[in-house]
**Student:** 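Following this message is one structure expressed as structure tokens.
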Amino acid sequence: MKVLLIYPKYPETFWSFKYALKFASKKATDPPLGLLAIASILPEEWEKNLIDLNVQKLKEKDLKGVDLVFISAMSVQRESAKEVIQKIKKKGIKIVAGGPLFTTDYEEFDEVDYLVLNEGEITLPKFLEDLKNGCPKHLYTTKEFADLEKTPIPSIELIDMKKYMSMDIQYSRGCPFNCDFCDITTLFGRKFRTKKVEQIIKELENLYKLGFRGSVFFVDDNFIGNKKVLKNEVLPAIIDWMEEKKYPFTFYTQASIDLADDEELMRLMVLAGFNSVFVGIESPNEESLKECNKFKNSGRDLVSSVRKIQSFGLEVMAGFIIGFDSDNHSIFNSIKEFIEKSKIVTAMIGILNAPKGTRLYQKLKNEKRLIKDISGDNTDFSTNFITKMDYKSLIKGYKNLINKIYSPKVYYKRVKEFLKNYKPLKNSPYRPYYIKAVLKSIWVLGIKEKGRSSFWKFIFEFLIKSPKKLPLAFTFAIYGYHFRRVFKNKYNS
């Protein structure tokens with residue numbers, strides 16, 4: 001059996017880092033971990049190839065002799081997924097589809113031959129058994145959740161790692177919280193499930209043996225869901241492995257704000273090689289936090305929590321949402337002030353949307369306020385429901401807020417203030433593409449862009465006062481350029 005696994009293309013988004021990747025001659029931020037995990041479950045004797053449309057084009061020769069095509073996608077990849085399906089159907093090749101997009105909206109994809117939904121560790125073996133017996137069904141679903149201790153190592157060897165900025169590892173699934181707007185619990189449940197320590201070390205070892213050196217993203221929705229096991233088992237094992245291998249990787253992940261309450265956990269994460277963490281702040285408005293059931297953030301000094309995490313050597317990337325029923329026109333300035341006070345460099349501000357399966361979706365459906373499906377990109381100025389705040393006012397305030405926090409002068413000032421007190425345990429090791437990225441940033445940011453005077457003032461200050469932080473300064477400057485380009489393109493689309 002010859003199979004082809006295809007990962008649809010992402011549109012240009014905040015997290016695509018499309019314009020930043022060009023500085024480092026990379027094609028994508030992360031590999032398609034879900035498809036790589038699926039590949040590891042497929043029979044060993046099958047001939048397997050993978051095409052990630054974010055790093056290469058699908059050519060006629062790739063489809064020659066293929067018996068089955070496997071597709072996995074998220075909501076934001078909907079249009080690309082549909083294009084791929086139509087192309088494959090014209091070739092008469094059978095399609096197997098799964099992943100978040102198809103699990104949530106499988107009714108849209110009747111033309112797909114086999115819909116293998118929910119967690120592949122459970123549904124895929126059932127499909128493979130039926131396929132072997134000549135009786136595969138159109139739809140495979142389950143309400144069960146997989147035992148991650150039985151999950152095999154993803155087939156990383158199917159990709160060209162040099163085309164990606166980071167590699168991915170998944171330690172856990174599930175989230176104990178139940179925020180109204182989030183579909184994580186719908187997809188993966190509220191029970192926090194993890195792999196064994198030995199599995200994580202084997203996956204790190206696999207990346208190392210395949211020659212990768214660089215940034216590794218722990219894709220968990222909340223890495224710190226079981227703090228006790230992390231502190232007593234997982235992080236100490238990673239620390240030992242990293243020391244033995246002379247720190248070949250740096251790590252980043254996602255966590256809830258209560259990370260700030262556990263100094264031992266933060267210290268161990270930094271010792272293990274973590275240098276940044278994404279935290280869902282959502283809103284500085286207490287009423288909005290209560291409205292969306294984000295009680296973990298409610299009733300605390302969020303700015304102080306962010307600054308404390310930063311003080312341990314972890315950059316805080318943060319997510320914010322506007323468009324809650326409790327939001328009024330003051331929310332735009334409140335978020336701006338929060339970002340300034342907390343010195344958050346990477347602030348992803350999105351407009352509230354209601355994914356299918358969430359409590360918010362059901363509430364809005366009951367109120368007859370839903371108007372369309374979500375796009376999957378909460379920074380594209382769209383929402384799928386009628387907002388309490390006038391939509392035109394919401395979009396105007398949103399655009400003004402983005403322009404303010406990412407204008408070169410304001411952005412460079414914020415980066416400078418953050419780096420002044422940011423002291424990671426270890427500087428990121430040198431990578432071959434650094435020099436090329438620096439030279440290109442000098443040309444693009446220091447000569448071509450209108451904010452070049454702010455760029456040179458920013459760079460020279462680090463060159464004179466903090467030369468060791470100059471690589472970080474260039475990195476953040478490049479990120480800022482990407483954010484400005486992305487939002488500028490969205491304004492004009």
Side-chain angles (χ1 to χ4, degrees), residues 8-20 29 73-82 100-101 104-105 179-183 278 280-285 288 291-292 317-336 338-339 344 346-356 358 360-361 364-365 367 369-408 410-411 479-493:
K9 192 166 186 172
Y10 283 103
E12 184 180 295
T13 68
F14 185 94
W15 292 117
S16 72
F17 284 99
K18 174 182 176 180
Y19 298 102
T29 53
M74 294 190 285
S75 295
V76 75
Q77 296 165 286
R78 186 188 307 269
E79 294 308 313
S80 178
K82 288 183 176 180
L101 168 62
T104 303
D105 294 315
C179 304
D180 282 11
F181 57 82
C182 183
D183 60 356
F278 176 84
I281 300 296
E282 319 313 356
S283 179
N285 181 2
S288 295
E291 174 189 322
C292 69
M317 302 175 285
F320 297 87
I321 299 173
I322 59 171
F324 292 109
D325 287 353
S326 300
D327 286 345
N328 56 40
H329 289 86
S330 67
I331 190 62
F332 306 109
N333 194 56
S334 296
I335 290 179
K336 175 179 171 290
F338 186 100
I339 292 169
I344 291 172
T346 303
M348 194 282 292
I349 307 170
I351 297 175
L352 183 64
N353 276 265
K356 287 183 181 178
T358 62
L360 176 61
Y361 184 92
L364 294 170
K365 183 178 181 180
E367 295 174 359
R369 292 168 62 188
L370 291 171
I371 52 178
K372 59 181 179 179
D373 289 332
I374 62 170
S375 68
D377 177 7
N378 64 347
T379 61
D380 66 357
F381 311 132
S382 72
T383 183
N384 69 330
F385 69 95
I386 299 170
T387 56
K388 286 290 179 73
M389 188 188 301
D390 174 68
Y391 178 72
K392 289 185 178 179
S393 298
L394 178 66
I395 297 304
K396 182 180 179 181
Y398 178 59
K399 288 183 177 181
N400 288 337
L401 173 60
I402 294 298
N403 283 332
K404 287 177 181 177
I405 68 167
Y406 283 117
S407 66
V410 172
Y411 177 75
Y479 288 174
Y481 173 75
H482 163 75
F483 300 143
R484 289 191 292 276
R485 282 291 303 272
V486 165
F487 283 111
K488 182 180 179 181
N489 290 348
K490 291 179 186 293
Y491 294 156
N492 298 327
S493 63

**Student:** As an exercise, state the distance from NE2 of His329 to CG of Leu394, rounded to the nearest 0.5 Å.
**Tutor:** 8.5 Å

**Student:** Do the side chains of Asn400 and Phe332 get nearer than 4.5 Å, heavy atoms only?
**Tutor:** no

**Student:** Testing the basics here: between Ser382 and Tyr391, what is the closest heavy-atom pair and its distance to 0.1 Å?
**Tutor:** CA-OH, 4.1 Å

**Student:** How many angstroms lie between CG in Leu352 and CG in Asp327, if you round to the nearest 0.5 Å?
**Tutor:** 8.5 Å

**Student:** What are the two closest heavy atoms between Phe14 and His482, and how far apart are they?
**Tutor:** O-NE2, 2.9 Å

**Student:** Should the ring pair Tyr411 and Phe483 be called parallel, tilted or perpendicular, given that the plane angle runs from 0 to 90° and is split at 30 and 60?
**Tutor:** perpendicular

**Student:** Specify whether Phe381 and Phe487 have parallel, tilted or perpendicular ring planes, treating 30° as the upper limit for parallel and 60° as the lower limit for perpendicular.
**Tutor:** tilted

**Student:** Would the distance check show the side chain of Asn285 and the main-chain N or O of Ser326 forming a donor-acceptor pair, the cut-off being under 3.5 Å?
**Tutor:** yes

**Student:** Heavy-atom distance under 4.5 Å between the side chains of Tyr19 and Arg484, does that happen here?
**Tutor:** no

**Student:** Going by distance alone, is a donor N or O of one side chain under 3.5 Å from an acceptor N or O of the other, for Asp377 and Ser375?
**Tutor:** no

**Student:** Does some side-chain heavy atom of Ile331 sit less than 4.5 Å from a side-chain heavy atom of Pro284?
**Tutor:** yes

**Student:** Over all heavy atoms of both residues, which pair between Phe320 and Ala347 is shortest? Give the atoms and the distance, please.
**Tutor:** CE1-CB, 4.0 Å

**Student:** Is there a side-chain contact between Leu101 and Arg78 (heavy atoms, below 4.5 Å)?
**Tutor:** yes

**Student:** Decide yes or no on side chain to side chain contact (heavy atoms under 4.5 Å, CB included) for Ile386 and Glu367, but give the supporting numbers first.
**Tutor:** CA-CA 10 Å; Ile386 299 170; Glu367 295 174 359; over 6 Å; no

**Student:** Is Tyr10 reaching over with its side chain to a backbone N or O of Ser80, donor-acceptor style, under 3.5 angstrom?
**Tutor:** no

**Student:** State whether a side-chain donor-acceptor pair under 3.5 Å links Ser330 with Asn328.
**Tutor:** yes

**Student:** Test your reading of the model: is there a side-chain donor-acceptor pair from Asn353 to the backbone of Gly376, 3.5 Å cut-off?
**Tutor:** no

**Student:** How long is the straight-line distance from CZ of Arg369 back to CG of Asn384, given to the nearest 0.5 Å?
**Tutor:** 11.0 Å

**Student:** Tell me the closest heavy-atom pair linking Ile371 and Phe385, and the distance in Å.
**Tutor:** CG1-N, 3.6 Å

**Student:** Measure the shortest side-chain to side-chain distance between Lys18 and Val486 over non-hydrogen atoms and say whether it is less than 4.5 angstrom.
**Tutor:** no

**Student:** Given 3.5 Å as the limit, does a donor-acceptor pair link the side chain of Glu291 with the main chain of Asp325, or not?
**Tutor:** yes

**Student:** Carefully, step by step, assess Ile339 and Ile349 under the rule side chain to side chain contact (heavy atoms under 4.5 Å, CB included).
**Tutor:** CA-CA 11 Å; Ile339 292 169; Ile349 307 170; 3.9 Å; yes

**Student:** When rounded to the nearest 0.5 angstrom, what distance separates SG in Cys292 from CZ in Phe324?
**Tutor:** 4.0 Å

**Student:** Sub-3.5 Å donor-acceptor pair from the side chain of Tyr361 to the main-chain atoms of Asp183, do we have one?
**Tutor:** no

**Student:** Nearest heavy-atom pair of Phe181 and Pro355: which atoms, and what distance?
**Tutor:** O-CD, 3.3 Å

**Student:** Between OG1 of Thr358 and CG of Leu364, what distance do you get to the nearest 0.5 Å?
**Tutor:** 8.0 Å

**Student:** For Lys404, give me all partners under salt bridge (Lys or Arg N to Asp or Glu O under 4.0 Å), at least two apart in sequence or on another chain.
**Tutor:** none

**Student:** May I ask you to test the Asp373-Lys356 pair for a side-chain heavy-atom distance under 4.5 Å?
**Tutor:** yes

**Student:** Roughly how far, to the nearest 0.5 Å, is CD1 of Ile322 from OG of Ser283?
**Tutor:** 10.0 Å

**Student:** Taking salt bridge (Lys or Arg N to Asp or Glu O under 4.0 Å) as the test, write out the residues that go with Asp180, two or more places apart.
**Tutor:** Arg359

**Student:** Would a 4.5 Å heavy-atom cut-off, applied to side chains only, mark Thr387 and Ile351 as touching?
**Tutor:** no

**Student:** Ignoring hydrogens, what is the shortest heavy-atom contact between Ala318 and Phe278? Give both atom names and the distance.
**Tutor:** C-CE1, 3.5 Å

**Student:** How would you list, by chain and number, every residue that makes a side-chain hydrogen bond (donor to acceptor under 3.5 Å, both in side chains) with Asn333, sequence neighbours excluded?
**Tutor:** Glu337

**Student:** Taking Ser16 for the side chain and Glu12 for the main chain, is one N or O donor matched with an acceptor at less than 3.5 Å?
**Tutor:** no

